[in-house]
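Report on the structure given below.
Every chain is numbered from 1, with letters handed out A, B, ... down the list of sequences.
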Amino acid sequence: MNFASVIVDVAAKQTDRAFDYSIPQQWREILVPGMRVIVPFGPRKVQGFVVDVKLETDVKRTKPIAELLDLTPVLTPELLELGHWLTEKTLCFKISAFQVMLPAAMKAKYDKKILLQPGVESSQLHSKVQPYFQHTSEVMWSDIEKSESVNSFYRDIQKGLLEVVYLVKSKGNKKTVKALRLAQPPEHVKQLLQELPKQAEKQKQVLEFMLVQEEVVAQRDIMTVLNVTSAPIKGLVSKGLLHEVDMEIYRDPYANRDFIPSKPFSLTDEQSAAIKPILRDIENHEHDVFLMYGVTGSGKTEVYLQSIDQVLKQGKEAIMLVPEISLTPQMVKRFKERFGSKVAVMHSGLSAGEKYDEWRKIQRKEVSVVVGARSAIFAPFQHVGIIIIDEEHETSYKQEENPRYHARDVAIKRAEFHNCPVILGSATPTLESFARAQKGVYKLLPLRERMNKSALPKVDIVDMREELRDGNRSMFSTLLLEKIRERLERREQIVLFLNKRGHSSFVMCRDCGYVPSCPHCEISLTYHRYQNRMKCHYCGYEELTQTACPECESDHIRFFGSGTQKVEEELGKVLPEASVIRMDVDTTSRKGAHEKLLTKFGNGEAQILLGTQMIAKGLDFPNVTLVGVLSADTMLNLPDFRAAEKTFQLLTQVSGRAGRHHLPGEVVIQTYAPEHYSIQLASQHDYDTFYLEEMKLRQAHRYPPFFYLALVTVSHENVAKVVSVTGKISQYLRQKLSPQAVILGPVASPIAKIKDRYRYQCMIKYKLEPNMIPALKYVVNQYQDQMQQEQLTITIDLHPYSMM
DNA sequence: AGCACGCCGACT
DNA sequence: GTCGGCGTGCTC
């Protein structure tokens, strides 16, 4: 092939198309779509993805491809196609779609440097430039970019004294170690071994070792096994007996850990019934979407494991998605125990290099199972046999940046391609999924019994308003305290859950009601006791905590809300004998801290585990018999039509942590809205009724799953501008879409200002709108120039999860 | 996105 | 006359 169509790494409307390049002779046989290349683009060089190769082009003057970055394509034909689909579905640039499918380490970094042209003396340069070239002939652009001499540099560049060179590096490369192999055939080496001088004892040892080893051995290994230094090895290399090579090694984050192989458990009748249709699909290479609706502790994971096992037996591969937050060591352990080294793990806790290595294992077909968070859905497998999404309702499956995709949609798309089943698993499915299951679009696989037949925990709802009336101003109700004391006495464990979302610890003046808020964002500041500072969680702004109110100068400043730190303190006051482990962003930010704290709790080193969201998922400690939810309704008041659903899911999830084993569990839910149906029904473990209730509301208000949503958010420094642009967009959409579509807006976004930029939005509720995508594309096109020139931003989220 | 090209105001 | 402001348009 003579020409290649390349999508270049420039995310902009005007460059969001393929550019044709000629393929230099030496690569004509090798280059295929899906490879990364470096191409000249204008005056610079950029990375790009080859999407097509062809014999001819309409372009008159093509430039040649400058460099080939891959010998095996990093995107399979399927993934290339998937990229185009993503572009259409999420309205993102092609380059963004491709980039999101690869580990971040493969994204190009650009740099510039300035070279002294050959034959030019530094004395010819501008006086300001000269000192830079005293001892060198090249200067990095970044070193002079901000200096006042930039202009002088420009001048010398124009004069031709200096040359600008554009560099592209695809960093995060393979990690290699120095390794050795025999430089000659073994027989030959055996003979030469005899001829080595007597005193070369160590060299002989090394050679003998090499003769019995696999082809390539890391130098480090030779040194430790034979207890020699590098000297004899060097000697053999210089004699031409050994050859130095680079050996690619993987950073294995789970090395040095023993996994005891586990065998499949025998399934309960319910599990067998659930797995049957899945196995049938695997057998017949058929595609279906299954919604596995199973209460906590019903043994979903075992069904996943055995389905995957079946897929592996067919020589195919499996993708298993779990929410980031529950990608716990416990979870990984279960997979490693069952599938050993066939498993790659991908989550955000890995370094860029580690993620790259896991990705490489997949690409090189060294593993056949990947367990990972959202982005693992793009694993470059070529024979996918099953895709599983655990905790299907989790919001982390929706990416909140471009491309704003939902892993579930990608999973279904990929599974259609591979003709394989998708399993969505949850104890509290999203209404969207459950509704589809009701309609028969998805196949429902119910698991209604807990595996050990243990009853679901008894749930008590405590009305905190009554507590307050009875004079209890603390954050622990009498009932909860009593139950905690009971467990402490019995040496059982307790999990306390604090939903920090909503109003977290903020500060208010009791006299005038003043609440310190961020000067750049419309959001109140959060109090951080540790540094005694107020911080903005959106832009990072911080200030010292005030001791007097800046408005009325009163010193009645009060700290409201209850962060985990404050709960811990109070717990210490009421129950000084209790040992507490606190888990939140502050205590788990260090790598591995999360795991360490959980292990400590598992070992019984503390009796109470206190934490936020992150302790709600996937934890399983046999000794936990009480779960306390400190304030169940903080989430309920969020400006989000899914607030009730999220509350129900969270409460159900948290309750599931209690009494999973032989000890019976109890749950105490503290709330200011005890009569709310989501709280009532969660306490009764009644998903079905919740589903029906919530569906009525969704239908009445025209929300999903009855209507689809699209959210257009406009932001700019100037309020008037934002309002007028949002208004025009709303108007345009009103006129383009059918009368059945509901167009709300312009309205201020729930967070009306972030980082000094005002935010307004237009929300569209629609059912069938073939014009939707074209209309939105048109809108973006119309404001293209303003978006560049005036830093106006318009973001479009189709099927948004967060209204913020 | 960059970057060059090009056309106007204010300085050596 | 030249330097430098940033509007306009292109990148195979």
Passing option when Tyr405(A) is tested against Tyr801(A), Tyr397(A), Phe378(A) for ring-ring contact (aromatic ring centres under 6.0 Å, His included)
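Among the candidates, only Phe378(A) passes.
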Can you see if the side chain of Arg44(A) gets near the phosphate of dG2(B) - specifically, an N or O under 4.0 Å from OP1 or OP2?
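Yes, Arg44(A) has a side-chain N/O under 4.0 Å of OP1/OP2 on dG2(B).
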Nearest to the side chain of Arg155(A), which nucleotide is it out of dG4(C), dC12(C), dA1(B)?
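The nucleotide sitting nearest to the side chain is dG4(C).
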To the side chain of Gln14(A), which of dC3(B), dC12(C), dC10(C) is closest?
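Between dC3(B), dC12(C), dC10(C), the one nearest the side chain of Gln14(A) would be dC10(C).
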Rounded to whole angstrom units, what separation is found between the [atom1] atom of [X] and the [atom2] atom of [N]?
X         : N       : atom1 : atom2 : answer
Tyr166(A) : dA1(B)  : OH    : P     : 17 Å
Lys54(A)  : dC12(C) : NZ    : P     : 15 Å
Ile157(A) : dA4(B)  : CD1   : C1'   : 13 Å
Tyr110(A) : dC3(B)  : OH    : C1'   : 15 Å
Ile7(A)   : dA1(B)  : CD1   : C1'   : 16 Å
Tyr154(A) : dG2(B)  : OH    : C1'   : 10 Å
Arg17(A)  : dC12(C) : CZ    : P     : 10 Å
Lys13(A)  : dG2(B)  : NZ    : C1'   : 19 Å

Electrostatic pair Glu392(A)-Arg408(A), nearest N-O below 4.0 angstrom:
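Salt bridge present between Glu392(A) and Arg408(A).
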Between Lys54(A) and Asp20(A), is the closest basic N to carboxylate O distance under 4.0 Å?
yes
Within the 4.0 Å heavy-atom criterion, would you say [X] contacts the bases, only the backbone, or no part of the nucleic acid?
X         : value
Phe41(A)  : base
Thr15(A)  : base
Lys112(A) : sugar-phosphate
Ala12(A)  : base

Using the rule given for side chain to side chain donor-acceptor pair (under 3.5 Å), can you reason through Tyr166(A) versus Asp111(A), listing the C-alpha separation, both sets of side-chain angles and the distance that settles it, and then say yes or no?
CA-CA 6 Å; Tyr166(A) 297 89; Asp111(A) 219 336; over 6 Å; no
With a centroid cutoff of 5.5 Å and a plane-angle limit of 30°, would you call Phe19(A) stacked on dC12(C)?
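Ring-base stacking flag not set for Phe19(A) and dC12(C).
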Salt bridge (charged side-chain N to carboxylate O under 4.0 Å, His left out) between Asp9(A) and Lys107(A), worked out:
CA-CA 9 Å; Asp9(A) 183 15; Lys107(A) 207 175 149 184; over 6 Å; no
